[in-house]
Amino acid sequence: MTLSDIPADALITVDELQGMLVSQNPPFLVDIRAQGFWIDGHIPEARNIPAGKQLDIRLEEMPDDGTLIVLVPRGEERVAEVWQTLVDAGYEQDAVKALAGGMDAWKEAGLPVQQEVDLGC
């Protein structure tokens with residue numbers, strides 16, 4: 001599955017996401033990158049739920065109250081697969097978006113990045 005397999009309006013830009021984060025109803029950010037990438041830097045409000053088997057197990061951590069879910073990939077790889085997984089799990093197509101360019105685009109825009117301490121767990 002490639003990025004072209006999801007609707008064009010399922011992608012949002014860095015500027016759009018930045019505006020949403022300061023709104024009264026901010027989106028639920030899901031960083032789908034592997035934990036190592038997460039530790040190196042992520043959007044401060046994001047939760048790390050890596051793509052793959054862990055995603056299926058952790059679906060209950062995502063809101064089911066209509067809150068917009070924004071997927072944050074590394075670039076744009078795997079995001080279409082994760083988007084489809086959420087739609088197949090019952091989320092409305094317009095309630096799941098993906099950050100165009102992913103975390104790479106966020107960093108290139110010079111926006112805030114939070115780093116985690118690797119506790120070796």
Side-chain angles (χ1 to χ4, degrees):
M1 179 169 240
T2 66
L3 198 57
S4 63
D5 293 322
I6 65 174
D9 65 352
L11 293 176
I12 62 168
T13 67
V14 167
D15 290 339
E16 289 171 322
L17 178 56
Q18 187 179 19
M20 290 176 183
L21 291 174
V22 296
S23 71
Q24 288 187 348
N25 298 311
F28 183 83
L29 298 181
V30 180
D31 191 317
I32 64 170
R33 300 173 302 147
Q35 186 179 26
F37 290 111
W38 162 264
I39 290 169
D40 285 343
H42 56 275
I43 299 172
E45 296 84 357
R47 177 177 296 205
N48 184 226
I49 303 177
K53 292 179 184 176
Q54 203 174 113
L55 176 70
D56 294 334
I57 296 168
R58 296 179 63 189
L59 280 175
E60 74 278 352
E61 294 179 39
M62 296 194 204
D64 59 3
D65 61 0
T67 298
L68 178 66
I69 297 171
V70 176
L71 305 173
V72 181
R74 181 174 175 198
E76 291 182 349
E77 68 279 352
R78 298 201 73 182
V79 73
E81 174 187 323
V82 174
W83 183 88
Q84 190 63 55
T85 297
L86 293 179
V87 170
D88 291 348
Y91 290 91
E92 296 293 324
Q93 286 189 12
D94 61 352
V96 181
K97 306 282 184 186
L99 179 60
M103 193 64 195
D104 293 344
W106 185 266
K107 287 178 180 178
E108 286 171 16
L111 295 168
V113 174
Q114 179 177 335
Q115 293 183 320
E116 298 295 323
V117 175
D118 185 356
L119 300 176
C121 304

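One is the number of the first residue; the rest follow in order along the sequence.
Contact annotation: the side chain of Pro50 approaches that of Arg58 to within less than 4.5 Å [non-hydrogen atoms, C-beta and beyond]. No side-chain heavy atom of Asp40 sits less than 4.5 Å from a side-chain heavy atom of Val113. Within the 4.5 Å cutoff, side-chain heavy atoms of Trp83 are placed close to those of Pro7. Under the 4.5 Å side-chain criterion, counting only non-hydrogen atoms from C-beta, Leu17 is in contact with Ile43.
For Glu60, the CD atom counts as densely surrounded, since its 6.0 Å shell holds more than 12 non-hydrogen atoms of other residues, nucleotides or ligands.
A donor-acceptor contact closer than 3.5 angstrom links the side chains of Thr67 and Asp65.
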message: Could you walk me through whether Asn25 and Leu68 satisfy the side-chain contact (heavy atoms from CB on, under 4.5 Å) test, starting with their C-alpha distance in whole Å, then the side-chain angles of each, then the deciding distance to 0.1 Å, before giving a yes or no?
response: CA-CA 9 Å; Asn25 298 311; Leu68 178 66; over 6 Å; no
- prompt: Under the side-chain contact (heavy atoms from CB on, under 4.5 Å) criterion, do Leu55 and Met62 qualify, and how do the steps go?
  reply: CA-CA 10 Å; Leu55 176 70; Met62 296 194 204; 3.4 Å; yes
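Put simply, CE on Met20 and CD on Glu45 are 13.5 Å apart, with the number rounded to the nearest 0.5 Å. Between the CD atom in Glu81 and the CD1 atom in Ile32 there is a gap of 8.0 Å [rounded to 0.5 Å].
Among residues at least two apart or in separate chains, ring-ring contact (aromatic ring centres under 6.0 Å, His included) pairs with a member in residues 22-81 are Trp38-His42.
Among residues two or more places apart in sequence or in another chain, the side chain to side chain donor-acceptor pair (under 3.5 Å) test is passed with Gln114 by Glu116.
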Side-chain donor-acceptor distances from residues 86-103 under 3.5 Å, at least two apart:
residue, atom, partner, partner atom, Å
Asp88, OD1, Gln84, NE2, 2.7
Tyr91, OH, Pro63, O, 3.3
Lys97, NZ, Asp9, O, 2.7

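Val70 and Pro27 get closest at one heavy-atom pair: CG2-CB, 3.7 Å.
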